[in-house]
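What follows is one structure encoded as structure tokens, with my remarks underneath.
Predicted, not measured: the structure shown is a model, and the values here were computed from it.
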Amino acid sequence: MPAKTTFFNVAGAVGFIGVNGAVNAKPIPPTAIYLQNKIGQNFPEYVDPVSKKDAESPINTTWSKLAKSPDWTTQDRYLYIKTFSETYGNQSADFWNTREVHHIRPRIYGGSNEFDNSMPILAPNHRLITSWFNNY
């Protein structure tokens with residue numbers, strides 16, 4: 001069976017048999033739900049501290065890849081930063097110099113340049129998420 005991007009969690013029980021033959025079973029409570037790509041990498045956790053947007057929560061495991069990604073221009077970035085500032089307040093130049101605009105649903109998987117599909121993300125974290133999506 002080919003590997004797929006999927007959500008999963010772990011739950012169940014573990015049992016022990018003592019030297020006197022007594023059986024003791026302990027439940028394993030469900031873990032958090034994890035999102036893994038086709039090669040078993042967990043999705044990198046990232047929540048923007050200003051907008052509180054979570055990079056993972058809206059991800060769906062059935063997105064199809066497009067032939068070509070829609071464009072993202074410097075004008076698009078400017079408009080995003082303008083809307084972000086109007087919504088959440090002005091951020092420093094250092095804030096924007098260390099962040100890239102992340103498309104929560106990547107454009108190559110049908111995501112738009114709309115404000116609600118975007119969030120500022122530290123450049124190293126953005127590279128991790130982009131790398132994760134290379135194996136989506």
Side-chain angles (χ1 to χ4, degrees):
M1 176 191 287
K4 294 178 71 176
T5 298
T6 187
F7 288 98
F8 78 95
N9 72 343
V10 178
V14 62
F16 302 96
I17 299 178
V19 288
N20 63 358
V23 176
N24 188 357
K26 300 283 184 188
I28 300 172
T31 63
I33 296 175
Y34 298 99
L35 174 62
Q36 286 191 335
N37 62 13
K38 291 178 184 174
I39 63 171
Q41 295 171 319
N42 285 348
F43 188 85
E45 294 290 327
Y46 190 83
V47 176
D48 173 49
V50 177
S51 68
K52 308 298 186 224
K53 283 188 179 181
D54 185 338
E56 179 182 12
S57 59
I59 295 177
N60 184 303
T61 60
T62 60
W63 294 339
S64 297
K65 195 169 188 175
L66 304 175
K68 183 181 180 298
S69 181
D71 290 336
W72 174 255
T73 66
T74 54
Q75 179 67 14
D76 292 323
R77 180 179 166 82
Y78 167 80
L79 291 173
Y80 175 79
I81 291 171
K82 181 178 182 296
T83 304
F84 190 91
S85 297
E86 290 167 353
T87 306
Y88 300 106
N90 290 325
Q91 304 303 311
S92 69
D94 285 342
F95 178 90
W96 291 110
N97 289 337
T98 59
R99 284 165 176 78
E100 297 173 353
V101 178
H102 167 64
H103 290 77
I104 298 168
R105 180 175 183 168
R107 292 172 293 131
I108 195 69
Y109 289 103
S112 70
N113 290 335
E114 297 297 318
F115 181 77
D116 289 342
N117 187 50
S118 303
M119 64 187 285
I121 189 165
L122 290 165
N125 297 75
H126 196 215
R127 284 190 292 277
L128 284 173
I129 292 173
T130 300
S131 174
W132 186 92
F133 268 107
N134 288 338
N135 295 295
Y136 173 84

Interatomic spacing from CZ in Phe133 to CH2 in Trp63 - rounded to 0.5 Å: 5.0 Å

Donor-acceptor side-chain pairing of Thr73 and Asp76 below 3.5 angstrom: yes

Interatomic distance, Gln41 atom CD to Tyr136 atom OH [nearest 0.5 angstrom]: 14.5 Å

Other ILVMFWY residues reachable from Leu79 by side-chain steps of under 4.5 Å: Tyr78

Residues, nucleotides or ligands: over 12 heavy atoms within 6.0 Å of Glu114 CD: no

Short side-chain to backbone donor-acceptor contact, Asn135 and Asn37, under 3.5 Å: no

Nearest-0.5 Å distance, CG of residue Leu122 to CZ of residue Arg99: 4.5 Å

Distance (rounded to the nearest 0.5 Å) between Trp132 CH2 and Thr5 OG1: 5.0 Å

Stepwise side chain to side chain contact (heavy atoms under 4.5 Å, CB included) test for Val101 and Phe84: CA-CA 11 Å; Val101 178; Phe84 190 91; over 6 Å; no

Residue pair Thr61, Leu35: steps toward the side chain to side chain contact (heavy atoms under 4.5 Å, CB included) verdict: CA-CA 9 Å; Thr61 60; Leu35 174 62; 3.9 Å; yes

With Ser69 via side-chain contact (heavy atoms from CB on, under 4.5 Å) - residues at least two apart: Arg107, Ile108

Donor-acceptor pair between Thr62 and Asn60 side chains, under 3.5 angstrom: yes

Asn113 (side chain) donor-acceptor with Asp71 (main chain) under 3.5 angstrom: yes

Derivation and outcome, side chain to side chain contact (heavy atoms under 4.5 Å, CB included), residues Phe43 and Ile129: CA-CA 7 Å; Phe43 188 85; Ile129 292 173; 3.8 Å; yes

Atom pair CD1 (Ile81) and OG (Ser118), whose distance is rounded to the nearest 0.5 Å: 11.0 Å

From NE2 (His102) to OG1 (Thr130), nearest 0.5 Å: 7.5 Å

Path from Ile59 to Val47 over hydrophobic side-chain contacts below 4.5 Å: no

Closest heavy-atom pair and its distance - Phe115, Lys53: O-NZ, 3.0 Å

Within one Ile-Leu-Val-Met-Phe-Trp-Tyr cluster: Val50 and Tyr46, side-chain cutoff 4.5 Å: yes

Common cluster, Trp96/Tyr88, ILVMFWY with side-chain heavy-atom separation under 4.5 Å: yes

All salt bridge (charged side-chain N to carboxylate O under 4.0 Å, His left out) counterparts of Lys82, not counting sequence neighbours: Glu86

